Amino acid sequence: ACQEITKCEVPEETPEKADSTESLDNRRDDILVTHIFQKCCLVQRILDAWEANDRIQAEGGMRRGNMGHLTRIANAVVQNMEKGPMQAQICEFMKELQIGR
């Protein structure tokens, strides 16, 4: 279930962790991607906003002003799912969404 946005805590680097093959930046990226996709429910929020906009337009209303931004965010998710440094992690989150449906 989606939760309210909370403050992320990034583990501090210690000498023991510095020897790890995974760098601090990669851990921060992993934590950020996990937070955005799981806790903030990015994909579900995009879909909900898209459906709400479609309903408004179907009733004769105007397109929401943030739809261009929403489209760019959705396209960035797809591009990073297809290729990018976080490809495997994003693909895994997307698979989890499909299983949960």
Side-chain angles (χ1 to χ4, degrees):
C2 296
Q3 300 174 358
E4 293 292 318
I5 296 174
T6 59
K7 181 181 176 186
C8 284
E9 302 234 353
V10 176
E12 292 186 30
E13 182 144 12
T14 61
E16 302 85 45
K17 291 180 182 176
D19 294 335
S20 170
T21 57
E22 186 173 275
S23 73
L24 179 59
D25 287 340
N26 286 343
R27 286 196 308 265
R28 284 185 179 153
D29 289 346
D30 290 349
I31 291 169
L32 180 62
V33 170
T34 299
H35 186 79
I36 289 172
F37 280 87
Q38 288 183 335
K39 303 248 188 230
C40 298
C41 304
L42 177 67
V43 174
Q44 189 59 50
R45 287 177 184 244
I46 290 171
L47 294 173
D48 291 346
W50 205 274
E51 290 170 3
N53 182 69
D54 285 349
R55 281 192 303 273
I56 290 169
Q57 286 188 295
E59 295 169 358
M62 292 182 61
R63 181 177 188 221
R64 287 180 156 181
N66 67 340
M67 292 307 293
H69 298 288
L70 194 63
T71 301
R72 290 186 72 175
I73 293 168
N75 287 339
V77 169
V78 171
Q79 288 170 356
N80 281 285
M81 192 174 86
E82 292 172 349
K83 62 180 177 180
M86 305 307 294
Q87 177 184 13
Q89 190 177 7
I90 294 172
C91 285
E92 188 62 35
F93 291 131
M94 297 303 278
K95 286 178 188 173
E96 289 173 13
L97 285 174
Q98 291 175 351
I99 292 170
R101 285 185 134 192

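What you see below is based on every heavy atom in this structure, not just the backbone, and it leaves out hydrogens, waters and symmetry mates. As the structure is a prediction and not an experimental result, all values here were calculated from the model.
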Requested in this report: Walk me through it: do Val43 and Phe93 pass the test side-chain contact (heavy atoms from CB on, under 4.5 Å)?
Outcome: CA-CA 10 Å; Val43 174; Phe93 291 131; over 6 Å; no

With rounding to the nearest 0.5 Å, note down the distance linking [atom1] in [X] to [atom2] in [Y].
X: Leu47; Y: Cys41; atom1: CG; atom2: SG; value: 11.0 Å
X: Asn75; Y: Asn80; atom1: CG; atom2: CG; value: 11.0 Å
X: Gln79; Y: Glu82; atom1: CD; atom2: CD; value: 7.5 Å

Closest heavy-atom contact between [X] and [Y]?
X: Met81; Y: Gln87; value: O-CG, 3.1 Å
X: Glu96; Y: Gln38; value: OE1-NE2, 3.6 Å
X: Ile90; Y: Val77; value: CG2-O, 4.4 Å

Requested in this report: Following the transitive rule for hydrophobic clusters with a side-chain heavy-atom cut-off under 4.5 Å over Ile, Leu, Val, Met, Phe, Trp and Tyr, establish whether Trp50 and Ile56 coincide in one cluster.
Outcome: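 Different hydrophobic clusters.
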
Query raised in the report: Among Asn66, Leu42, Val78, whose side-chain contact (heavy atoms from CB on, under 4.5 Å) with Ile73 holds?
Result: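 Checked Asn66, Leu42, Val78 against Ile73; only one passes side-chain contact (heavy atoms from CB on, under 4.5 Å): Leu42.
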
Query raised in the report: Are Asn53 and Arg64 close enough that some pair of their side-chain heavy atoms sits under 4.5 Å apart?
Result: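 SC-SC contact between Asn53 and Arg64 confirmed.
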
Report task. Would you indicate whether the side-chain heavy atoms of Lys39 and Thr34 approach each other to under 4.5 Å? Result ->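 A side-chain contact is absent here, since even the closest heavy-atom pair is not under 4.5 Å.
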
